[in-house]
Number of protein chains: 2
Amino acid sequence: MTVKVIQSVDRAIDILELFMASKPELSIKEISEKLALSKSTVHGIIKTLEHRGYLQQDPESLKYRLGIKLFELGNAVGNSMDIRKIASPLIRRLVEELHETVHLAVMEREEVVYVEKLEGPRTLTIYSHVGKRAPVHCTGVGKAILAYQSDEQIDRMLASDHLVAHTEHTMTDATAIREHLKTIRDNGYAVDDEEIELGLKCVAAPIFDHQGNVTASISCSAPKVRVDDHSFAEMIGKITAAASEISAALGYRNPQPVNL
Amino acid sequence: MTVKVIQSVDRAIDILELFMASKPELSIKEISEKLALSKSTVHGIIKTLEHRGYLQQDPESLKYRLGIKLFELGNAVGNSMDIRKIASPLIRRLVEELHETVHLAVMEREEVVYVEKLEGPRTLTIYSHVGKRAPVHCTGVGKAILAYQSDEQIDRMLASDHLVAHTEHTMTDATAIREHLKTIRDNGYAVDDEEIELGLKCVAAPIFDHQGNVTASISCSAPKVRVDDHSFAEMIGKITAAASEISAALGYRNPQPVNL
DNA sequence: CCTTCCGTTCGGCATTGTCGAACGCCGTTC
DNA sequence: GAACGGCGTTCGACAATGCCGAACGGAAGG
């Protein structure tokens with residue numbers, strides 16, 4: 001069933017991701033142990049990656065770290081995302097108006113990835129950063145996207161092994177979440193009330209693309225103590241308005257899904 | 001002589017970089033032609049990369065584009081750069097004070113790579129972006145780094161095929177550049193006066209690491225028409241001061257190279 | 001000085017990736 | 001509407017390629 005993969009390419013990716021998953025500096029020995037490969041196999045792949053600038057060896061410790069080429073490629077990807085270009089100025093404006101941190105996230109497999117983040121002037125907690133993955137079931141951006149997926153998609157993303165509790169407020173029951181998603185669709189926005197991190201409250205709204213699909217969302221995050229009724233309402237208004245604006249810029253037509 | 005590379009990994013990298021070098025969307029046919037590989041070979045590698053999230057296929061056109069995983073990895077690399085963390089707040093301050101765009105760049109092979117960029121309020125030209133490569137001989141950041149390399153290093157980086165003229169002011173004579181680098185060392189800063197782009201003037205200063213090596217630099221870029229004697233002097237003062245501060249934060253001791 | 005540890009090199013074997021050809025699914029053309 | 005062309009995909013056979021274990025060499029530590 002699984003597609004036929006080129007073994008050595010697959011292993012090269014394993015190695016690269018190992019740096020992200022564990023330590024930023026690894027020796028050949030460590031890599032070969034963690035991936036259960038012989039040292040010489042790892043050596044060959046690593047030298048190839050190093051030769052191309054995707055890894056670099058510290059001349060002193062002889063350990064390896066991720067190379068600048070990955071930085072270049074990653075930024076090339078980021079710059080080619082049109083949603084990012086469209087949303088950036090709006091995000092800047094949102095932060096100025098709301099004085100709190102704003103995130104832009106896209107869906108990727110069963111999680112979301114933050115593609116833009118602009119911190120407010122008085123940031124306290126920083127659990128997120130651009131390029132980081134986050135779960136869908138306990139983040140504002142995640143739920144805002146999830147609520148607008150097909151049932152099969154939702155089922156897959158709510159597969160039990162994903163529903164990890166991050167705080168005591170994290171919802172981990174699939175059927176309860178499904179109910180909750182309906183509320184989100186009715187409201188047009190999602191709220192995360194200390195579900196990913198204690199003391200953190202977020203409001204998120206879905207972004208529709210030209211086909212009417214939701215693959216991205218924006219959110220405003222603030223320490224819960226700073227969110228009173230008034231500022232909460234303001235967040236909802238501004239975030240949903242901005243999301244609509246971005247959707248429109250992406251070619252989304254109207255509230256009703258288009259029928260061809 | 002060239003290290004023994006794993007062919008399929010090397011080819012996978014060729015494919016990824018092809019997206020950066022040419023178009024952001026490529027079909028298997030295009031790739032196999034440009035790399036002179038059979039379609040099936042390309043297919044195998046591409047499916048592996050897609051399976052891991054490093055490429056994604058547009059369901060309509062069936063063409064491929066770079067995947068989010070590269071964005072994640074690239075940002076992980078960016079976040080692990082300590083020079084970036086140190087320099088970021090200083091760069092922000094510089095932009096506020098100078099009202100012009102500030103760059104942070106690091107040396108990579110025979111070129112420099114921008115790792116941070118903060119635009120001034122009235123930006124006109126944007127030839128650069130984070131993650132982009134630039135030549136050493138005609139940029140402020142490049143010359144500021146180049147001036148402090150070893151003679152062999154300078155020779156290599158001034159290899160004739162790199163000395164491309166970007167404007168009528170670009171210096172393309174190696175010996176003339178070598179003279180020019182001496183001036184830079186005497187001054188402690190480098191000036192790029194329309195050498196990479198007409199109408200653009202930059203001041204750049206080297207950043208020393210804890211071993212006294214220069215692997216990075218910062219610069220301030222402005223439209224030449226806005227740079228009068230007074231603002232030019234201010235740029236020089238502020239950029240060199242900031243560079244010194246970053247060097248100190250990296251563990252650089254004093255103007256004299258340390259002897260162990 | 002001996003030991004240990006780790007990166008690197010080597011050589012033989014079989015796995016794996018490679019290629020060309022063929023397939024099948026479009027959309028286009030006549 | 002049938003034939004064509006273009007493209008992604010699959011198949012099968014061959015041998016090149018990457019794999020492993022063992023051995024090497026240099027550095028650090030006792």
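Reminder, nothing fancy here: chain letters follow the sequence lines and each chain counts from 1.
A:L37 places its CG atom 12 Å from the P atom of C:dT16, with the value rounded to the nearest Å. The nearest whole Å value for the distance from the CD1 atom in B:I45 to the C1' atom in D:dG18 is 14 Å. Put simply, CD on B:E60 is 17 Å from C1' on C:dC25, counting in whole angstrom units.
With sequence neighbours left out, the salt bridge (charged side-chain N to carboxylate O under 4.0 Å, His left out) criterion links A:E17 to B:R52, B:K69. Residues passing the side chain to side chain donor-acceptor pair (under 3.5 Å) test with B:S32, sequence neighbours excluded: none.
Looking only at atom types and distance, the side chain of A:Q153 has no donor-acceptor partner in the side chain of A:S150 under 3.5 Å away.
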Between protein and nucleotides 3-10 of chain C, what N or O pairs are separated by less than 3.5 Å?
| from | atom 1 | to | atom 2 | distance (Å) |
| --- | --- | --- | --- | --- |
| C:dC6 | OP2 | A:K29 | NZ | 3.2 |
| C:dG7 | OP1 | A:I28 | N | 3.3 |
| C:dG7 | OP2 | A:K29 | N | 3.0 |
| C:dG7 | N7 | A:K39 | NZ | 3.0 |
| C:dG7 | O6 | A:K39 | NZ | 3.4 |
| C:dT8 | OP1 | A:K47 | NZ | 3.4 |
| C:dT8 | OP2 | A:H43 | NE2 | 3.3 |
| C:dT8 | OP2 | A:Y64 | OH | 3.1 |
| C:dT8 | O5' | A:H43 | NE2 | 3.3 |

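Close to D:dC19, at under 4.0 Å from its OP1 or OP2, lies a side-chain N or O of A:Q7. Taking 4.0 angstrom as the limit, B:R11 places a side-chain polar atom (N or O) nearer than this to OP1 or OP2 of C:dT18. Between C:dG17 and A:S8, a contact under 4.0 Å exists linking OP1 or OP2 to a side-chain N or O.
Aromatic ring centres of B:F19 and B:Y64 lie farther apart than the 6.0 Å criterion allows.
The pair A:E111-A:R133 meets the salt-bridge criterion, since a charged nitrogen lies less than 4.0 angstrom from a carboxylate oxygen.
A gap of 16 Å separates the C1' atoms of C:dT18 and C:dA14, to the nearest Å.
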